[in-house]
Trainee: 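Once you've had a glance at the structure underneath, I'll fire off some questions.
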There are 2 protein chains.
Amino acid sequence: MYEELKYWYLRDHKLFRTLSFSQIRQLCIITGFKKASKGEIIYFSSSDLPRIFLLKKGNIKIVAVDEDGNETIKDIIQKGDLFGELTLEADHKTNEYAKVLSDDVVICSFLMSDFEDLLLRNPTLALSYTKFVGLKMKRIKNSYANLISKDAKTRLYQFLKDWAEQEGVKNGNSVTIENYLTQNDIAQIICTSRQTATQLLNEMEANNLLMYKRKEILIADINKL
Amino acid sequence: MYEELKYWYLRDHKLFRTLSFSQIRQLCIITGFKKASKGEIIYFSSSDLPRIFLLKKGNIKIVAVDEDGNETIKDIIQKGDLFGELTLEADHKTNEYAKVLSDDVVICSFLMSDFEDLLLRNPTLALSYTKFVGLKMKRIKNSYANLISKDAKTRLYQFLKDWAEQEGVKNGNSVTIENYLTQNDIAQIICTSRQTATQLLNEMEANNLLMYKRKEILIADINKL
DNA sequence: TCTCAAGTGTAACGTAGCCGACATTTTGTT
DNA sequence: AACAAAATGTCGGCTACGTTACACTTGAGA
């Protein structure tokens with residue numbers, strides 16, 4: 001891959017806007033790239049050095065497996081998102097992997113230690129990064145708060161609203177979302193059983209609130225959710 | 001309050017160990033202090049400039065009130081913890097207050113903007129702070145993960161284990177915890193009703209797993225939880 | 001010492017939503 | 001076109017837990 005392309009891959013992330021060309025080059029030198037396609041599973045091999053990843057294209061989900069073998073969706077990563085050990089603290093206990101949801105993805109990565117060096121030499125970047133992590137924390141807190149105190153229906157509504165806001169294409173009050181999730185995925189995200197999710201989605205469809213299709217979701221009126 | 005005391009108040013927090021005397025002095029100049037006693041409610045007045053707080057003594061709980069007037073315990077802050085807008089991002093939407101749980105508390109605070117300046121001039125501190133926030137995020141994630149996927153009993157067990165680990169006084173396998181929470185508080189933390197919490201605690205007492213008293217909790221064998 | 005509010009104990013009842021057990025539809029693969 | 005695998009649809013029983021309701025206990029303040 002051309003150095004220049006690598007440069008732009010980082011450059012257009014808002015976090016790195018403040019960096020000079022040479023600083024990004026330094027990151028680029030140690031950058032790894034990976035392409036993968038739908039269904040593929042990517043392990044953050046713990047044997048490898050800890051890395052921070054940047055999803056350039058597509059969507060992936062982070063799945064955690066607990067001691068009983070239960071799979072939980074930890075996070076849905078979208079184009080442009082950073083993921084991995086954002087806390088800058090390696091953690092070998094958790095057993096996590098990423099699964100590709102969209103047709104194909106491009107992931108680039110850099111070593112945590114190199115990133116740390118960069119932060120040390122760049123206080124402004126360090127500050128932005130801290131705020132960035134903080135923002136992520138706030139989002140997590142909010143979504144969990146929803147999960148806990150509301151019932152399944154409210155959680156689904158909230159999830160759809162959030163999703164529509166983040167990725168939906170508006171057309172007046174109606175919104176179209178590209179659907180790369182299965183009903184099972186959605187169920188896991190809002191922490192309910194697949195059956196309940198199916199039921200609720202059908203109920204919404206019966207009430208003309210939306211149209212659920214495998215490839216897209218059409219919300220008739222986002223304000224009615 | 002003597003300048004020197006202020007200095008030590010910050011100095012003995014692990015986050016500030018790397019700072020020089022003069023750097024801490026700079027923080028100290030803008031530091032506010034507050035003492036409060038049991039039951040008192042402290043508002044993070046949003047009219048005021050955004051601050052970061054450091055709890056020097058005692059315990060407090062952070063309570064959020066939603067639009068329906070429901071109160072949720074957001075966090076339990078213990079001696080030595082930082083709290084407030086750790087994300088360095090002011091947020092006026094949420095309606096939160098702190099309630100003092102222990103007999104008396106000492107809180108000191110500094111302005112977020114001053115702290116930011118300090119971070120900019122201190123890359124090492126910025127990095128530690130980022131890791132600190134990251135750690136907090138990880139803890140939150142874990143506790144929420146527990147809340148969601150496990151039943152009330154497991155949640156209570158986990159909560160007691162965590163609490164014992166953080167604050168308990170070990171004596172062989174038995175642990176004594178100073179109990180500054182009511183059963184209602186505990187119920188709110190583990191997200192269940194007061195009645196269910198009471199029932200579970202009594203059940204545990206019947207099984208000789210612990211002794212619940214208003215002032216302390218005695219866990220017979222921490223490994224059996 | 002008395003009083004009252006806060007904290008704790010206990011029971012009956014209703015229900016959201018999990019789970020198992022299917023049938024049906026859609027998609028990708030040969 | 002044919003098949004298997006994945007995704008979706010539907011139902012009924014079961015249960016953990018919230019809710020309502022009330023009695024008892026404790027401790028702080030008058």
Side-chain angles (χ1 to χ4, degrees), chain A residues 37-41 61 63 68-73 99-104 146-159 179-207 210-218, chain B residues 37-41 61 63 68 70-73 99-104 146-159 179-207 210-217:
Chain A
S37 49
K38 196 166 186 167
E40 244 180 276
I41 289 179
K61 62 177 175 185
V63 181
D68 305 335
N70 298 319
E71 302 205 331
T72 329
I73 293 185
K99 187 165 186 186
V100 179
L101 293 172
S102 50
D103 283 341
D104 43 23
N146 263 308
L147 284 183
I148 290 167
S149 55
K150 322 276 175 147
D151 65 359
K153 188 175 194 165
T154 317
R155 292 193 316 246
L156 178 59
Y157 278 50
Q158 189 60 50
F159 166 73
N179 182 19
Y180 46 83
L181 298 174
T182 66
Q183 295 189 354
N184 195 24
D185 285 333
I186 294 176
Q188 281 185 265
I189 293 169
I190 63 170
C191 280
T192 187
S193 65
R194 200 216 86 228
Q195 291 91 321
T196 308
T198 301
Q199 209 167 292
L200 289 171
L201 282 170
N202 289 339
E203 187 186 310
M204 290 172 80
E205 195 145 10
N207 294 337
L210 57 73
M211 278 187 63
Y212 182 92
K213 287 193 253 175
R214 294 195 179 194
K215 295 282 177 196
E216 62 174 16
I217 297 177
L218 229 138
Chain B
S37 48
K38 195 164 186 168
E40 243 180 278
I41 289 179
K61 62 178 175 184
V63 180
D68 305 335
N70 298 319
E71 302 205 331
T72 329
I73 293 185
K99 187 166 185 184
V100 179
L101 294 172
S102 51
D103 284 341
D104 43 21
N146 263 310
L147 283 183
I148 290 167
S149 55
K150 322 276 175 148
D151 64 0
K153 188 174 194 165
T154 317
R155 286 184 333 236
L156 178 59
Y157 278 50
Q158 189 60 50
F159 166 72
N179 183 17
Y180 47 82
L181 298 174
T182 66
Q183 295 189 353
N184 194 25
D185 285 333
I186 295 175
Q188 281 185 266
I189 293 170
I190 63 169
C191 280
T192 187
S193 65
R194 198 217 88 226
Q195 290 88 325
T196 308
T198 302
Q199 210 167 292
L200 289 171
L201 282 170
N202 290 339
E203 187 187 310
M204 291 173 81
E205 196 145 9
N207 294 337
L210 56 73
M211 278 187 62
Y212 182 92
K213 288 193 253 176
R214 293 193 182 198
K215 295 283 177 194
E216 62 174 14
I217 297 176

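In what follows, every chain begins at residue 1, and chains take the letters A, B, ... in the order their sequences are listed.
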Trainee: Would you call B:D185-B:K61 a salt bridge at under 4.0 Å N-O?
Mentor: yes
Trainee: Between atom OH in A:Y212 and atom C1' in D:dG9, what is the gap in whole Å?
Mentor: 12 Å
Trainee: B:T198 side chain to B:R194 main-chain N or O, any donor-acceptor pair under 3.5 Å?
Mentor: yes
Trainee: Would one find more than 12 heavy atoms of other residues, nucleotides or ligands at under 6.0 Å from atom CD of B:Q199?
Mentor: no
Trainee: By nearest heavy atom, map B:L200 and B:Q195 onto DNA chain D; which one lands nearer the 5' end?
Mentor: B:L200
Trainee: Starting at CG of A:L147 and ending at C1' of C:dG17, how long is that distance when rounded to a whole Å?
Mentor: 15 Å
Trainee: For B:N202 and C:dT8, give me the distance from atom CG to atom C1', rounded to whole Å.
Mentor: 8 Å
Trainee: Rounded off to whole Å, could you give me the CG-to-C1' distance for the B:D151 and C:dC19 pair?
Mentor: 15 Å
Trainee: For residues A:G39 and A:K99, report the shortest heavy-atom separation together with the two atoms involved.
Mentor: O-CE, 3.7 Å
Trainee: State, yes or no, whether a side-chain contact exists between A:K150 and A:Y157 at a heavy-atom distance under 4.5 Å.
Mentor: no
Trainee: Are OP1 or OP2 of C:dT8 and a side-chain N or O of B:N184 less than 4.0 angstrom apart?
Mentor: no
Trainee: Strictly below 4.0 Å: does B:T196 bring a side-chain N or O up to OP1 or OP2 of D:dG18?
Mentor: yes
Trainee: Categorize A:Q199 for me: base, sugar-phosphate, or nothing, with a 4.0 angstrom heavy-atom threshold over every strand shown.
Mentor: nothing
Trainee: With sugar-phosphate meaning primed atoms plus P, OP1 and OP2, does B:S193 contact a base, only sugar-phosphate, or nothing at under 4.0 Å between heavy atoms?
Mentor: base
Trainee: Please report the distance, rounded to the nearest Å, between CD in A:Q188 and C1' in D:dA7.
Mentor: 14 Å
Trainee: How far apart are the closest heavy atoms of B:R155 and B:I190, and which atoms are they?
Mentor: NE-O, 2.9 Å
Trainee: Would you mind reading off the distance between A:L201 atom CG and D:dT8 atom P, rounded to a whole angstrom?
Mentor: 9 Å
Trainee: Under 4.0 Å: is that the gap between some side-chain N or O of B:T192 and OP1 or OP2 of D:dG18?
Mentor: yes
Trainee: Are any of the side-chain heavy atoms of A:L181 and A:L101 separated by less than 4.5 Å?
Mentor: yes
Trainee: Any side-chain heavy atom of A:I186 sitting closer than 4.5 Å to one from A:T182?
Mentor: no
Trainee: Rounded off to whole Å, could you give me the OH-to-P distance for the A:Y180 and D:dA7 pair?
Mentor: 16 Å
Trainee: With distance as the sole criterion, is a donor-acceptor pair present between the side chains of B:Y180 and B:D103 under 3.5 Å?
Mentor: no
Trainee: Across nucleotides 25-30 of chain C, 5' to 3', mark each nucleotide with B, S or - according to how protein heavy atoms within less than 4.0 Å reach it.
Mentor: -SS---
Trainee: Through what angle, rounded to 10 degrees, does the axis of the helix from C:dT1-D:dA30 to C:dT30-D:dA1 turn between its ends, using five pairs per end?
Mentor: 40°
Trainee: In whole angstrom, what separates B:R194's CZ from C:dG7's C1'?
Mentor: 8 Å
Trainee: Decide yes or no, distance alone: a donor-acceptor N/O pair under 3.5 angstrom between the base of C:dG9 and the side-chain of B:Q183.
Mentor: no
Trainee: For residues B:E205 and B:L201, determine if any side-chain heavy atom of one lies less than 4.5 Å from a side-chain heavy atom of the other.
Mentor: no
